[in-house]
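Take a look at the structure below.
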Amino acid sequence: VGASSDLRVEGEAPLPALVHEFRQSGSHANLPTYASVVYRDLYDGVDLKYAEDNGRLKATYTVAAGVDPSIVRWRYEGAALPRVDAAGNLRVGLSQSAATEPNTAERSELTPPAWQDIAGQRRPVDIRYSVAADGSVGFSLPNGYDRTQPLTLDPTLTYSTFLGGGGDDNA
């Protein structure tokens, strides 16, 4: 929500595999693969890096000194209203009917760690997910942090699927 249209996408840590993409609109061969992808300047002063971490998708936000981390917001289109459970994890039903259907698949993101590296020491920062009235999701830092230093927000996706919802799924 409100991300920059001027962001740059960069692959990091090239992998040895090459991939091929075949579509009706055209094909591409020998495309490089990377261990991570970074969205530079997703917001002014905020980068987002996606990488694999022990079989899970890790999204790491790096917030520059002096930048308000509350500008980082996203929305799940076509999903149930996100909620934060008692443990602080973000839960999102994978269909709009998930709020009324038991046993519906959910996407889950663990309570994210946050920290600042200051004078050679990693200092934890208290962080929570926040869900706004419009259904967008972001972060709150209830106990503050040192705004003169960069801040790292490090959520992890624990479950997701490309299949699910109220209709038939075919693969």
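For reference, positions follow the sequence shown, starting with 1.
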Any residue meeting ring pair (Phe, Tyr, Trp, His ring centres under 6.0 Å) with F139, in chain and number order, not counting sequence neighbours: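 F139 satisfies ring pair (Phe, Tyr, Trp, His ring centres under 6.0 Å) with Y61, W74, Y129 once adjacent residues are dropped.
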Within-4.5 Å side-chain heavy-atom neighbours: [X] and [Y]:
X	Y	answer
V125	Q116	yes
T60	L153	no
V72	V1	no
V9	V38	no
P112	D154	no

If you round to the nearest 0.5 Å, how far is [atom2] of [Y] from [atom1] of [X]?
X	Y	atom1	atom2	result
S36	E10	OG	CD	10.0 Å
I127	W115	CD1	CH2	10.0 Å
D41	L48	CG	CG	12.0 Å
D47	T62	CG	OG1	6.0 Å
T148	D146	OG1	CG	3.5 Å

If we count only N and O atoms by modelled type, under 3.5 Å, do the side chains of [X] and [Y] hold a donor and an acceptor together?
X	Y	value
R91	S108	yes
S140	R128	no
S70	D68	yes

D117 and R123 ion-paired at < 4.0 Å: no
E109/R83 ion pair, N-O < 4.0 Å: no
Nearest atoms (heavy-atom pairs only) where [X] meets [Y]:
X	Y	value
P69	L151	CG-CD2, 3.9 Å
V63	V67	CG1-O, 3.5 Å
V92	Y76	CG2-CE1, 3.6 Å

S4 and D6: CA distance, side-chain angles, deciding distance, side chain to side chain donor-acceptor pair (under 3.5 Å) verdict: CA-CA 5 Å; S4 171; D6 294 329; 4.6 Å; no
D126 side-chain N/O to L141 backbone N/O, donor-acceptor pair under 3.5 Å: no
Any donor-acceptor pair under 3.5 Å from T33 side chain to L18 backbone: no
Could you pull out every donor-acceptor pair under 3.5 Å between side chains of residues 23-32 and any protein atom, sequence neighbours left out?
| from | atom 1 | to | atom 2 | distance (Å) |
| --- | --- | --- | --- | --- |
| R23 | NE | E21 | OE2 | 3.0 |
| R23 | NH2 | E21 | OE2 | 3.1 |

Partner set under salt bridge (Lys or Arg N to Asp or Glu O under 4.0 Å) for R147, not counting sequence neighbours: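 R147 satisfies salt bridge (Lys or Arg N to Asp or Glu O under 4.0 Å) with no other residue.
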Residues L15, Y34; criterion side-chain contact (heavy atoms from CB on, under 4.5 Å); working and verdict: CA-CA 5 Å; L15 297 172; Y34 300 91; 5.5 Å; no
Chi angles and distances behind the side chain to side chain donor-acceptor pair (under 3.5 Å) call for S136, D134: CA-CA 6 Å; S136 66; D134 68 358; 2.7 Å; yes
Intermediate values then yes/no, salt bridge (Lys or Arg N to Asp or Glu O under 4.0 Å), E52 and K58: CA-CA 6 Å; E52 180 273 337; K58 181 81 92 170; over 6 Å; no
